[in-house]
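The figures here come from the full heavy-atom set of this structure, side chains too, leaving out hydrogens, waters and symmetry mates. In listed order, ligands and their atoms are each counted from 1. Model, not experiment: these values are computed from the prediction.
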Amino acid sequence: MKSIEDYVHLEPKYYEAVLQNYADLFAKQIAQLNHNITNVVIYATGSSSNAAYGALPFMSNILKMPVKIEEPSIAENYLLHVEPNSLCIAISQGGHSYSVVKIIQRLQDAGNTVFALTSELDSPVGKVCQHVLNMGMPIEEMPYVSAGYSVEILDLMLLAMLIAQKTGKLSSVEFTQILAEIKNIVQKMPEVIKRASSWVENNISKFATAKRLVFIGYGAAYGVSREGETKTTEAVRISAWGKELEEYMHGPYLGLNPDDFIICLDPMGKLHDRMELLKRFLNKHVKNVYTIYAGKDENATADDLSLGITTSELLASLFMTVPVHLLAYKLSQVKKIDLQHSAYPDFDQITASKI
Ligand SMILES: N[C@@H]1[C@@H](O)[C@H](O)[C@@H](COP(=O)(O)O)O[C@@H]1O
């Protein structure tokens, strides 16, 4: 079975395939779309939800309409009041998540059109949903996903661009410009992976002593911070937080421990200065504060990681998760955690959380 690291190295290839095929992958379904959509609701859980948060600021900016993300279980049980002109998108990479299958059924039964994004077309999600969107990559064998999370971000961005074009919100010229910016990022992915691998290698012995990792991001990097929490919890099995910058400053900072390892995720956008202020505070109280920058920052220290891509902050989630995934993978190796076999084989037998 391929490892998380193998899949991270496959990301440029998968991105290129999606960029080549996106029109075929999505065109037929987009053609059936209601032209009068007024808002988008995304239903996803775990890494798929984190990916949606990574794409959210870009989608909102391009579509110029409300875009929100809902936890499928809460939506299905308590929030089933969807506006008639909502575009409902359910995401499940593997297609077996119980709560995602349920919300698709409930929405369809109530007369809503739902588009489901998945890599497994004959999965329960693929079978139950009337409008299936193929993610455009092979099924990821490793259950602790990395490439699929990234491809979901790209898929959502491209979907938003296609829908914006169709509804007259994005001109062909703008479409081509953004596509060129995305292609530029994809070309630089091998260099991103190289820099991220060296950073992880250089710092792994220190990170291996961490009792808790705290990921703090803003904008598109909020999705990255959430993915840091998910992957560290699931693959490293130590405590982890993934917070939005102001959310962290609102109260969670009071729970900081001097031995926390804090990773700030800076896409070098609107809230860069706010993040600098938080770091000024954190550096007084915590020894291990790291920053991962999308580009190169003049304040970067030797412990920080500059990924070297100067781009719109809205696109930063396409590459900023690479070091986060590699760190989780390497830490799981150091801790000798077997990611290929289920830690609790009885879990799904009892709960049927995956069907
Ligand atoms: N532990 C897994 C997560 O790692 C995964 O991200 C999530 C969503 O999976 P999917 O995108 O296939 O619905 O399911 C479970 O919670």
Check your understanding: What is the nearest protein non-hydrogen atom to atom 1 (N) of ligand 1, stated with its residue, atom name and distance?
Key -> E234 OE2, 3.0 Å
Study note, to complete from the structure: In this structure, atom 7 (C) of ligand 1 is nearest to the protein heavy atom K354 NZ, 3.7 Å
Review point. Just distances here: any N/O of E152 and N/O of ligand 1 closer than 3.5 Å?
Key: no
Check your understanding: With a 3.5 Å cut-off and no angle check, do the side chains of S86 and E83 form a donor-acceptor pair?
Key -> no
Practice item. Output the list of atoms in ligand 1 that are nearer than 4.0 Å to some heavy atom of G46, sorted by atom number. Key: 6 (O)
Study note, to complete from the structure: re atom 5 (C) of ligand 1, the protein heavy-atom contact at minimum distance is S47 N, 4.0 Å
Check your understanding: What residue and heavy atom of the protein are closest to atom 8 (C) of ligand 1, and at what distance?
Key -> T45 O, 3.4 Å
Point to revise | Structural part of H96 in contact with ligand 1, heavy atom criterion under 4.0 angstrom | key: neither
Practice item. Provide, to 0.1 Å, the distance between atom 12 (O) of ligand 1 and the closest protein heavy atom, together with that atom's residue and name. Key: G94 N, 2.8 Å
Check your understanding: N/O of Q93 under 3.5 Å from N/O of ligand 1, yes or no?
Key -> yes
Review point. N/O of S48 under 3.5 Å from N/O of ligand 1, yes or no?
Key: yes
Study note, to complete from the structure: Counting from 1 in the order shown, the ligand 1 atoms closer than 4.0 Å to a non-hydrogen atom of S97 are 8 (C), 9 (O), 10 (P), 12 (O), 13 (O)
